[in-house]
Structure formats: C-alpha cells, structure tokens
Amino acid sequence: MAAILKGTGNSVYTNAPERMVGETIAELADSRIGAPVVLVNGVDVTGIVFERDIIRALAELGPALLERPVESLMTRDVLISSSEDTGRDILNYMTERRVRHFPVMENDNLSGMASIGDVVKSRLNEIMHEADSPREDILHS
C-alpha cells in the first residue's frame, strides 16, 4: 500500500458530517474528486460519500437533498486500509465491497486515498516485475 500512496500522494479530500450536500457536490465537481472521506472534528473517520450515495439519495429526495447534511447519505461502514495491506489485498476488498476508493490510515491518521485505478496500476506493475524476474535471471546466468 505504501508504494501505491507514494505514486498518488497523501492528499485526501475530506468533509465534515454537517456540511451540506450541495456544497459538497460543487466541490467534488470543481476538484474532480469521487469520494470524500467524512471526518468528525477533522480527525476521526466516520464515513465516506461515494458518488452512488449521492445518486441514490437524489433519486429518492430530489433537489431537497442539496440542503441536507452529508451525514444523512454517507456510507458509514468504511473499510480502511493500512500501509501493510498489499495491492492484492486492497483489490480483493474493493471487488468484494464494490467500491472504487479506499482510505488509508497510518498510526490512526488518514494518510491517503487509493483508487481502483491506482491499485490496478500497482498490481499490473507487480505482475510485470514477477514475469520479468525469471528472464533476468536466465539472461544473467
């Protein structure tokens, strides 16, 4: 996981649970962000807002959704990764949970966000390296 974050950086878009959905949507569109992590007191992860959370709530509530707090629609059961998790572990979690974004915690601090694209790219690099290693050994023997 550390290698994935090394390539993506440690910047994570976060949101307060009481922030209005309309404000959040505007920032997501401006920043081209897909899933802000919701933090209580700016520190503790309490949820995440996936694009599908917004779509489902919009279908149910219509424009009234924009004036509701983010906590009213966020996903509360957040899977969190650590730097010890491998790309394979994260890919399995993402597939099982059907999510494309995964917060990463290190020493109880939010240290990054991995996307499915980041994880797939990392995993492909691992596979390519594994495939090249035997050839390198043969060529150098």
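Start at 1 with the first residue, then count along the sequence. Values in this document were obtained by computation on a predicted structure and should not be read as measured data.
One finds the CZ atom of Arg100 at 12.0 Å from the CG atom of Asp118 (value rounded to the nearest 0.5 Å). Rounding to the nearest 0.5 angstrom, the gap separating the CE atom in Met105 from the OG atom in Ser111 is 7.5 Å.
Using a 4.5 Å heavy-atom cutoff, the side chains of Val38 and Val45 are not in contact. Counting heavy atoms from C-beta outward, Tyr93 and Asp85 have side chains that approach closer than 4.5 Å. Looking at Asp44 and Leu39, their side chains never come closer than 4.5 Å, going by heavy atoms from C-beta outward. Contact annotation: the side chain of Leu79 approaches that of Phe102 to within less than 4.5 Å [non-hydrogen atoms, C-beta and beyond]. Side-chain contact check for Met113 versus Val37: some heavy-atom pair is nearer than 4.5 Å. Residues Val78 and Pro103 form a side-chain contact, since some pair of their non-hydrogen atoms from C-beta on lies under 4.5 Å apart. At least one side-chain heavy atom of Ile116 sits less than 4.5 Å from a side-chain heavy atom of Leu91. Taking 4.5 Å as the limit, some side-chain heavy atom of Pro17 sits within range of a side-chain heavy atom of Val40.
The environment of Asp108 atom CG is sparse: at most 12 non-hydrogen atoms of other residues, nucleotides or ligands sit within 6.0 angstrom. More than 12 heavy atoms of other residues, nucleotides or ligands sit less than 6.0 Å from atom CZ of Arg52. Summarising the local packing, CZ of Arg68 is surrounded by 12 or fewer heavy atoms from other residues, nucleotides or ligands at distances under 6.0 Å.
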Between Glu71 and Arg19, is a side-chain contact (heavy atoms from CB on, under 4.5 Å) present by the stated rule, with each step listed? CA-CA 8 Å; Glu71 66 186 336; Arg19 187 129 192 245; over 6 Å; no
Would Ile54 and Leu28 count as a side-chain contact (heavy atoms from CB on, under 4.5 Å) here? Give the steps. CA-CA 11 Å; Ile54 295 169; Leu28 294 177; 3.9 Å; yes
Would you please test Thr46 and Met74 for side-chain contact (heavy atoms from CB on, under 4.5 Å) and show each step? CA-CA 9 Å; Thr46 189; Met74 70 185 183; 3.9 Å; yes
side-chain contact (heavy atoms from CB on, under 4.5 Å) between Met94 and His101, intermediate numbers included: CA-CA 8 Å; Met94 287 177 151; His101 299 89; 5.6 Å; no
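Under the 4.5 Å side-chain contact rule for hydrophobic residues, Ile80 and Phe50 share a cluster. A continuous path of hydrophobic side-chain contacts links Ile25 to Leu58 [ILVMFWY only; heavy atoms under 4.5 Å]. A single hydrophobic cluster is not seen to contain both Met20 and Ile48; linkage of ILVMFWY side chains at heavy-atom distances under 4.5 Å, directly or through other members, places them apart. Hydrophobic clustering of Ile, Leu, Val, Met, Phe, Trp and Tyr side chains at less than 4.5 Å, counting indirect connections, keeps Val12 apart from Val49. One hydrophobic cluster holds both Leu110 and Val119 under the rule that ILVMFWY side chains link at heavy-atom gaps under 4.5 Å.
Heavy-atom minimum distance, Asn15 versus Val70: ND2-CG2, 3.9 Å. The two residues Pro36 and Thr24 have their closest heavy-atom pair at CG-CG2, 4.2 Å.
Donor-acceptor pairing under 3.5 Å is lacking for the side chains of Asn92 and Thr95.
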